[in-house]
Amino acid sequence: MTKAPSFSPPAMALLALTMGVIQLMGHAYAWPFWGSMMVLTVIGFWGLARLIFVPSFVTAWSVYGVSLALAYGFGTLNTMTSGYVDGSAMYLVNFAGPSSLGRALGIMELIVAALLYIGHIDPIKTIPTEPFTDNERSATLVMLVVVCAGTFIALATGQLGFQGVQNGASDSALVSPLASLVTSTLTPATALAILAYGTQPSSRVRTVVIVLCVLLALTQMTQGRRLLMFNVLTLMMAFFAVRGTKGFFTPKIIVLLVLTLAVVAGASRFFVSMRIAGYSLPNDATLAERVEGAVDVITRPEQSGLNEHLEQNQSTRTFVVGYVGELIEAYDKTGRTTEGDLLILNLASAMPTAIWPGKWRVIYEIGSDESACHASLGMAGWDAANTVITEGLCDFGWTGMLLYPLAMAGLMTLANLAVRRTNILVRALVAFSTIKSLLGVEGVLTGYIVDLRNTAVLAIAAALLVAIFNWYQKQPLVIHHREQRALRKQRLAELRAGRP
């Protein structure tokens, strides 16, 4: 009997590679462009299902490959099929020609192919699946409480604002350490709690964990739609990693998933309403003022233009390949790069001021990603959808465009490798941090490095917590009380059984 072909990662990598070569050879024609969109979209949703339901598939490489496929494949397809399907469709959302866009999409396919194949052969699987010890579970609860408290303190004091704005206490140019720390760790901490308590029987402690997880999830409503979506995806990966897919189609799980989708959709709409409300509020408006304004926007969608804004945003905002095409077109004309200025800028931005006080001189000299890159390529300046790929192109041309995303996935892999011999709490924390970071394609190097830096701080704290709990449990008095408690339980069981 002939075995049916399986959609394995190498097969999908080969598909992306083949379509990428075809796209680059026929970048001036329309049909390879549509074919590339479809191939990347299929790979993206295939990979997304495997990320959620197959923990052994999850590596830093595969997460980033699937994220890129969805962003540049499905994102492009969404725009092109949302009223932008005529011959001039591409020009309505960007200034690049079809040839440049075709090459951009072809190179994305090569990058996705490389990431999927490397992820397949990489032995370092990201999500640990062995059970937690009681001490590790107790340390997880303590960490969840601390992260939850820190998040609400940062929100209440204005250190963490709308859309993730992180305000320093004394200088607007400085970032609040507390806000930076909780922004990087609230999703990993929530996923860690699900992994630790997902299969535990109902108890007061488990109820407390659920309440804390819900509270942390609610705070994402103020931070951004994409962050909320990445948070939900990360938590689903943790949930199915610990619970498995057995009994997936039970009514309880289906209802839970439907409710999750409904909440995410409602939260997304509410976030956009807060942003629209902010147009008529001062820059330093509080979250309470934005929430009040959002309620008014939602209750009067015709006057506020909420529905039109959502439709336009969902149609055009996903065309992130457009900016890559614009950079390629400008690079073709000038052949110039920043020669590594953006890499230096990101390293300086990620470095704490206490360690490098003079970093501001470098930051002010280079400016921003757009100002440095666009000036080098002879482009006008505007706020663009920067990614690691666009930074690589601006820094070192085609070489940087190909190597930067591979280097980023490699850096995240090294982070997981560095904690490979530690306890499951530390490994899971680093794992979910790298997953959360790599799910977000639209981000500069600074964001990834800061996430790793903040996760390292929390990982050290987690290791110390576990060590403290282990030390405490080994104390003679604690051992004595534990033995006496076990004897009382045994005696009570014997009495209930009717034995003298």
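The first residue of the sequence shown is numbered 1, and numbering continues consecutively from there.
- Other residues, nucleotides and ligands contribute at most 12 non-hydrogen atoms within 6.0 Å of the OH atom of Tyr117.
- Cys213 and Ala193 get closest at one heavy-atom pair: SG-CB, 3.9 Å.
- Formation of a donor-acceptor pair under 3.5 Å by the Glu391 side chain with backbone atoms of Asp369 is not found in this model.
- At least one side-chain heavy atom of Thr81 sits under 4.5 Å from a side-chain heavy atom of Leu77.
- Listed here is the closest heavy atom pair of Arg420 and Arg427: O-CD, 3.3 Å.
- Here Leu327 contributes atom CG and Met401 contributes atom CE; the two are 8.5 Å apart, rounded to the nearest 0.5 Å.
- No side-chain heavy atom of Phe396 sits under 4.5 Å from any side-chain heavy atom of Leu403.
- What you find for Val450 and Ser184 is that their closest heavy atoms are O-OG, 4.1 Å.
- With Asn346 contributing its side chain and Leu342 its backbone, the two residues share a donor-acceptor pair below 3.5 Å.
- One N or O on the side chain of Thr190 and one on the backbone of Leu186 form a donor-acceptor pair closer than 3.5 Å.
- A donor-acceptor pair under 3.5 Å links the side-chain atoms of Asn454 to the main chain of Ser180, judged by distance alone.
- In this structure the side chain of Thr76 reaches within 4.5 angstrom of the side chain of Phe319, judged on heavy atoms.
- Of the possible polar contacts, one joining the Ser67 side chain to the Leu438 backbone as a donor-acceptor pair under 3.5 Å is found.
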Evaluate side-chain contact (heavy atoms from CB on, under 4.5 Å) for Ile127 paired with Ile435, printing each intermediate quantity in order.
-> CA-CA 9 Å; Ile127 302 179; Ile435 290 171; 3.9 Å; yes

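- The heavy-atom pair separating Ala113 from Ala13 by the smallest distance is CB-O, 3.2 Å.
- Rounding to the nearest 0.5 Å gives a distance of 10.5 Å between NE2 of His120 and OG of Ser56.
- A distance of 9.0 Å separates CG in Leu40 from CG in Leu68, rounded to the nearest 0.5 Å.
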Would you sort out whether Asp122 and Thr59 count as a side chain to side chain donor-acceptor pair (under 3.5 Å), showing the intermediate values?
-> CA-CA 8 Å; Asp122 183 10; Thr59 65; 4.9 Å; no

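- Checking side-chain atoms of Thr151 against main-chain N and O of Val182 turns up no donor-acceptor pair under 3.5 Å.
- Put simply, the side chain of Thr434 gets close to the backbone of Ala431: a donor and an acceptor are under 3.5 Å apart.
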Starting from the C-alpha separation in whole Å, work towards a yes-or-no answer on side-chain contact (heavy atoms from CB on, under 4.5 Å) for Tyr404 and Leu393.
-> CA-CA 9 Å; Tyr404 268 41; Leu393 176 59; over 6 Å; no

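- Among residues two or more places apart in sequence or in another chain, the side-chain contact (heavy atoms from CB on, under 4.5 Å) test is passed with Ala428 by Pro128, Leu192, Leu195, Phe432.
- Within the 4.5 Å cutoff, no side-chain heavy atoms of Leu439 are placed close to those of Val66.
- Contact annotation: the side chain of Asp341 never approaches that of Leu345 to less than 4.5 Å [non-hydrogen atoms, C-beta and beyond].
- Remark: side-chain polar atoms of Arg453 are paired, donor with acceptor, to backbone N or O of Ala350 under 3.5 angstrom.
- One distance of note links CG of Leu233 with CG of Leu51; it measures 8.5 Å at 0.5 Å rounding.
- Contact between Ile43 and Ala16 at its shortest, heavy atoms only, is CD1-CB, 3.7 Å.
- Atom CZ of Phe230 and atom OG1 of Thr187 lie 10.5 Å apart (nearest 0.5 Å).
- Between Arg336 and Ala375, the closest heavy-atom pair is NH2-O, 4.2 Å.
- At least one side-chain heavy atom of Phe33 sits less than 4.5 Å from a side-chain heavy atom of Met37.
- The closest side-chain heavy-atom distance from Met108 to Ile389 is below 4.5 Å.
- For Ser273, there are no side chain to side chain donor-acceptor pair (under 3.5 Å) partners two or more places apart in sequence or in a different chain.
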Check the pair Met412 / Leu452 against side-chain contact (heavy atoms from CB on, under 4.5 Å), numbers first and verdict last.
-> CA-CA 8 Å; Met412 296 296 183; Leu452 283 179; 3.6 Å; yes

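- The backbone N or O of Phe57 lies less than 3.5 Å from a partner atom in the side chain of Ser62, making a donor-acceptor pair.
- No donor-acceptor contact under 3.5 angstrom links the side chains of Ser433 and Asp451, judged on distance only.
- Thr390 places a side-chain N or O within donor-acceptor distance of the main-chain N or O of Thr387, the cut-off being under 3.5 Å.
- Counting heavy atoms from C-beta outward, Val42 and Leu15 have side chains that stay 4.5 Å or more apart.
- Side-chain contact, Thr337 with Asp395: no donor N or O sits under 3.5 Å from an acceptor N or O.
- The distance from the CD1 atom of Ile298 to the CD1 atom of Ile276 is 9.5 Å, given to the nearest 0.5 Å.
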Step by step, would you call Trp398 with Ile107 a side-chain contact (heavy atoms from CB on, under 4.5 Å)?
-> CA-CA 9 Å; Trp398 303 115; Ile107 292 175; 3.3 Å; yes

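- Sorted by first and then second residue, the disulfide bond (SG atoms under 2.5 Å apart) pairs involving residues 11-40 (not counting sequence neighbours) form an empty list.
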